[in-house]
Each structure stands twice: as structure tokens, then as C-alpha cells.
Protein chains: 4
Amino acid sequence: MIIKIDFESEVPIYEQLRRQIIEGIALGNLKLGESLPSVRQLAEDIGINLHTVNKAYNELKSDGYLNIDRRKGAVVSETLPESTEDFDKKLEEGFTYLISEAYLRGKKIDDILQLCSGIFKKYIKIDK
Amino acid sequence: MIIKIDFESEVPIYEQLRRQIIEGIALGNLKLGESLPSVRQLAEDIGINLHTVNKAYNELKSDGYLNIDRRKGAVVSETLPESTEDFDKKLEEGFTYLISEAYLRGKKIDDILQLCSGIFKKYIKIDK
Amino acid sequence: MIIKIDFESEVPIYEQLRRQIIEGIALGNLKLGESLPSVRQLAEDIGINLHTVNKAYNELKSDGYLNIDRRKGAVVSETLPESTEDFDKKLEEGFTYLISEAYLRGKKIDDILQLCSGIFKKYIKIDK
Amino acid sequence: MIIKIDFESEVPIYEQLRRQIIEGIALGNLKLGESLPSVRQLAEDIGINLHTVNKAYNELKSDGYLNIDRRKGAVVSETLPESTEDFDKKLEEGFTYLISEAYLRGKKIDDILQLCSGIFKKYIKIDK
DNA sequence: GTGGTCTAGACCACC
DNA sequence: GTGGTCTAGACCACG
């Protein structure tokens, strides 16, 4: 599992980390039940502070993507969180924002659908 | 054009404003060439700081959505910005993030495509 | 609203703070919608680090007791969180632990019920 | 006597063990004077570290629930500890915390009393 | 002024 | 070894 942080980005480091771990699970690079590196290890590998890794791990934990096992450290949850009303709302808002701007910049509906399909298909082969 | 700000959102107020103006244009609630309320006016209507409105207008201006006219104030640009490489990248990143999480939470590809279509179709009738 | 921290306690400071704020709401010392002191202010008053206060506020926020308003700082939520399955489970576990030990130490059922009633009645007059 | 450890709980393993032994006594699954499994045996059965079991046993011993007998190993004390001022204080604090949060989440006084009664009655039939 | 982020370093509890 | 807690100090975005 390779993590790439853009230190120039507006997106906070812990959030970039959180997103890449989620995508890592979706892509199958991280299996359910698999252990993640310790906060210290990962922090050193990336070259950031361990508290920043900790924050990412904790957010993922409270969203249900990770569990903290007292013996094994952070592990990918065996049962991923389900869709909630809040998530659906967040999803719709996110898409609305992206699509409205894409529309103004001349994207056609097929451009959007194709882009989404392409992304989704990278995940669709993974068995949960 | 009605603006709704969520003061408890994680999204900054100026950014919420920016997004709603973009969506307003996409929906046709704001016509190309139409004047927006003055900074002062809008700030008062929404009950926010004048600088906040200013920041939103300025961002929209530098993205090419608005022009600042000395006499008419802020007006929606007659020629909207085109798609750029940067925008395409931002679009793909945004979709990747949303879709990977949606996938993990059990959304199917059809759910996503349908959601996107539904959003896009609200715009597609508008004549630019 | 007076906060008392026991620096000798096994309970972490941020957790003591969290509990006292919850009890403060229950007692009516903190009204719904009321603003809390800023993290810096409260940290200084109690004589602890601002990050510790921040952690307490953030936990209360993610549990739904507080909102972070971009203009007013932390405010008590207008609509308190409802009971969830998780909470019910936590509640039962907490009671089970306390009562089993109390039983072994000779407490009678009436002692327990009276203690609980006494505590609850301090809250029961508050109008939400 | 069956022990169930949740390795992902926030409650330390030794504390989970300690609580379950106390509840085991309260439920009558462990009789007064009965021997507990050896540290080594129990650690192996549960699949945890030997030191962890040891810590639980030692805490129970210093609270007066267990005696360490050179020949028979750990045995449940014949005379259970009485209520102390410290314990009463801990009990009240524990209830206060649980009840205040339950109150905010909409629990009624009868919900609480019924829950407590239900728990207590599981113990009340046991002859000490 | 507010909270959010990041770094740094320390100590502790747990296993 | 692991994560959890606390402190300290810095900088930034926001309003």
C-alpha cells in the first residue's frame, strides 16, 4: 500500500491519508481484517508527525472503516459501514457541486457518466 | 435567487456561497449577464460579514464566472470558463473520493449513475 | 458553569470535561443553543492545554451534543441526540458493571433504585 | 464460567476480565470459596497474555474478591468486601454519568429503574 | 477573535 | 512494541 501526500494541497494531510486508505480498501490493496502500519511507522514512512496519522486513523475508526485491536493495532474492519442518511446527503451534495460546475464548463452528461463508470469499475472486481 | 447558508457546516461560508451561485447559474436562476446583488446588500440579506461575500465574488471572478463591472457591480459572465486540465484533474479526484467511499458503503454502479443523471438533468434544459 | 477537574483521577481530563458538560446540560446550567467558552478561554480557566479542551469539544460534537458554529464557536446543540442501539448497549453494560459490584458489596435493590431516582430527579424539572 | 473478551473494546482486557469475574460471582456461576483456573490455564483458554490475567487477579485480590492460596491458586473469597466510602462515591459518580447522558437522550426515570431492577434481579436469587 | 492543522516531545497504560 | 493522553508552540483560514 503506497501513500502519496501532496504537501501543497489545500486538503489537510490527515484527510488525504484518510481518503487514500478508503480508496485502498475499495481497490483491494487493503484486505478486510488486514493490519495497517503502526502510527509511528507510517508517520516515519511518509515523513509526517505521528499525531497526524493518528488523527486519520481515528476518523476512520469512528466512521467504522478501522478497528483498533489492542493486540494488533489498527486493522481494517471486517464489516464495513453501511450507507446512512447522512452519507447519502453528503454524497448528493458532493455530486451536485462537482456536476454543476462541470456542466457550466461544457461537460456533457455522457462525459460524467463515463468518468464515473470508469472509476467505479476499478473497484467492482473486489470481493468483500 | 435564494441563498441558504449552514453556519454549522464544515464548508466555509464563502465556499457555500460560491457553490450556490455556480449552481444558480447552472439551474438558470441566474442568467448570463445578469447582475448580482451588491456585496453589501447580499451580506445584509444573509446576515454574514461583508468580507465573506467579497471573497466568494472574487473567487468566482478569478475562475471566470463573474465579471466585476464598475457601474453594474458583479454580473454573471457572458462566456463561461472552459474546461481546463486542472479542472479535469480536480473533477476526477473529487469523483474518485466520493465513489470509492460510496462503493464501500454498498452503492451499486447504477445507484451512482442514476444519482448523477438526476442531478445533471436539472441543468440540461437550460439554454445558455 | 463551573468545571472541576481532578488531576489525580484515572479518568482522562478531556473525558471529565465531556461528562461535566453533559451533566451541565442535563442540570440546565447550560441551555440548548447556549455558547460555550472558547477553547482557549476554558483551557486557561481550568489551567489545562487548549488541545485537551478541543478534544472534549470534538467528542461532544461528534456525539451530537455540541455544534461548532463558524461565528459563535461551540454552542450546545438545539436538538440533542436520540438514543441509539449502541448507546443502549453501552448503558446496559455500564449499569451491569456497577450493579453487580454493588450487589456483592451488600447493596440492596432499593438502595440502587433510590440512588438512581435521586440522581434523575435533579434533571427532571428541566424543560428541553 | 465462560469469559468473552472484546479485543476491540476501549475497556482494557484485564478490566473486562475483572468485571466478568465479579459478575460471575454475582450470578452464582462462581461460588464463594471456589477455585479459579490458574493464570496460565486461563490465559491460554482466552488466548491472551499471561500477565494480563495476572493483573486482573491481583486487582481482584486487592479489592478483596479473591484470595491467592499457595496450593489452590486463586479462590473466590469466602467473605466479600463491604461497601466503603470510596466505593459509594465511585458508585454515585458512575450512576450520575450514565443517568445524565441517558436523560439527555430521552430516557425516562422508569426506563432507568426498570433496567436496573432487571439487572439486579438476576443476582438476587443467589445465596451467598 | 475563533477553531483547525501540524509539529515536537514527553509520559503512561496495555499487552 | 502498541496506542492514548497531555503539553507546548506555531501557523493558518475564517469571519
Side-chain angles (χ1 to χ4, degrees), chain A residues 5 7 9-17 35-43 46-59 61 66-75, chain B residues 5 7-17 43 46-56 59, chain C residues 5 7 9-17 35-43 46-59 61 66-75, chain D residues 5 7-17 43 46-56 59:
Chain A
I5 299 298
F7 293 97
S9 168
E10 293 174 353
V11 182
I13 296 174
Y14 78 89
E15 177 67 15
Q16 293 183 49
L17 191 47
S35 286
L36 275 74
S38 76
V39 285
R40 282 176 176 79
Q41 182 66 51
L42 187 51
I46 307 179
I48 61 176
N49 191 283
L50 91 178
H51 293 109
T52 307
V53 178
N54 207 321
K55 176 154 186 175
Y57 278 13
N58 271 314
E59 299 237 327
K61 177 188 165 196
L66 297 186
N67 285 318
I68 307 297
D69 183 295
R70 297 198 94 92
R71 300 159 305 171
K72 296 185 287 182
V75 298
Chain B
I5 299 296
F7 292 102
E8 292 167 355
S9 167
E10 291 175 1
V11 182
I13 296 172
Y14 81 90
E15 176 69 15
Q16 293 183 49
L17 191 48
I46 310 181
I48 62 177
N49 193 300
L50 184 145
H51 298 86
T52 308
V53 178
N54 217 313
K55 176 152 187 177
E59 297 236 330
Chain C
I5 299 298
F7 291 98
S9 168
E10 294 173 354
V11 183
I13 296 174
Y14 78 89
E15 177 67 16
Q16 294 183 47
L17 191 46
S35 287
L36 276 74
S38 77
V39 285
R40 283 175 176 79
Q41 182 66 52
L42 187 51
I46 308 180
I48 60 176
N49 192 283
L50 91 178
H51 293 110
T52 307
V53 178
N54 207 324
K55 176 154 185 175
Y57 277 15
N58 271 316
E59 299 236 327
K61 178 187 165 195
L66 297 187
N67 286 318
I68 308 297
D69 184 295
R70 298 198 92 94
R71 301 159 305 169
K72 295 184 288 180
V75 298
Chain D
I5 299 296
F7 293 101
E8 292 166 355
S9 166
E10 292 175 1
V11 183
I13 296 173
Y14 81 91
E15 176 67 17
Q16 293 183 50
L17 191 48
I46 311 181
I48 62 177
N49 194 298
L50 184 145
H51 298 84
T52 308
V53 179
N54 216 313
K55 176 152 187 177
E59 298 236 330

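The model shown is predicted, which means the values in this text are computed figures rather than measured ones. Naming: A, B, ... by sequence-line order, numbering from 1 per chain.
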Closest heavy-atom pair, Asn67(A) versus Glu8(D), reported as atoms and distance to 0.1 Å, is ND2-OE1, 3.2 Å
To the nearest angstrom, the OH-P distance between Tyr57(A) and dT2(F) comes to 11 Å
Testing dG3(F), dG3(E), dC14(F) for proximity to the side chain of Ile68(C), the answer is dG3(E)
**Prompt:** Do the side chain of Arg40(A) and the base of dG3(F) come within less than 3.5 angstrom through a donor-acceptor pair of N or O atoms?
**Reply:** yes
Item to check | Under 4.0 angstrom between Thr52(A) side-chain N/O and dT7(E) OP1 or OP2 | outcome: yes
To the nearest angstrom, the CD-C1' distance between Glu10(D) and dT5(F) comes to 13 Å
When rounded to whole Å, the CD to C1' distance for the pair Glu15(D) and dC15(E) reads 15 Å
Value for CG (Leu66(A)) from NZ (Lys61(A)), rounded to nearest 0.5 Å, stands at 10.0 Å
Rounded to whole Å, the CZ-C1' distance (Phe7(A) to dT5(E)) equals 13 Å
Taking only N and O in the side chain of Tyr14(B), is any of them less than 4.0 Å away from OP1 or OP2 of dG15(F)? no
Query raised in the report: When only distance counts, do a donor and an acceptor, one from the side chain of His51(A) and one from the base of dG4(F), lie under 3.5 Å apart?
Result: no
Base, sugar-phosphate, or nothing for Ile48(B), non-hydrogen atoms under 4.0 angstrom? nothing
Compare all side-chain heavy atoms of Lys55(A) with those of Asn58(A) and state whether any distance is below 4.5 angstrom.
no
Here the distance between atom C1' of dT2(F) and atom NZ of Lys61(A), to the nearest Å, is 13 Å
Under the rule of Watson-Crick or G-U wobble with both distances under 3.5 Å, where | means paired to another strand and [ ] a crossing pair, DNA chain E maps to ||||||||||||||.
The residue, Pro12(A) or Lys72(C), whose nearest nucleotide of DNA chain E is more 5′ is Lys72(C)
Between CG of Asn58(C) and P of dG3(E) the distance, given in whole Å, is 10 Å
(request) Establish, with yes or no, whether the OP1 or OP2 oxygen of dG3(F) is under 4.0 angstrom from a side-chain nitrogen or oxygen of Asn54(A). (result) no
side-chain contact (heavy atoms from CB on, under 4.5 Å) test vs Leu42(C) passes for just one of Leu17(C), Leu36(C), Leu50(C), namely Leu17(C)
- Does OP1 or OP2 of dC14(E) have a side-chain N or O of Asn49(D) closer than 4.0 Å? no
Exactly one of Val53(A), Thr52(A), Ile46(A), Asn49(A) clears side-chain contact (heavy atoms from CB on, under 4.5 Å) with Ile13(A), and that residue is Thr52(A)
Note to self: Please classify the nucleic acid contact of Lys55(D) as base, sugar-phosphate, or nothing, using heavy-atom distances under 4.0 Å.
What the structure shows: sugar-phosphate
Would you say dC14(F) has OP1 or OP2 under 4.0 Å from some side-chain N or O of Arg70(C)?
no
query: Between Tyr14(A) and Asn54(A), is any pair of side-chain heavy atoms under 4.5 Å apart?
result: no
Separation of dC6(E) atom C1' from Leu50(A) atom CG, nearest Å, is 12 Å
(message) By the 4.0 Å heavy-atom rule, please label Ile13(C) as base, sugar-phosphate, or nothing.
(response) sugar-phosphate
Among dC15(E), dC11(F), dG15(F), the one nearest any side-chain atom of Arg71(A) is dC15(E)
Closest non-hydrogen contact found for Ser9(B) with Gln16(B) is CB-NE2, 3.5 Å
note: Glu8(D), atom CD; dC15(E), atom P; distance rounded to Å ~ 13 Å
In short, Asp69(A) meets Lys72(A) closest at the heavy-atom pair OD1-N, 3.1 Å
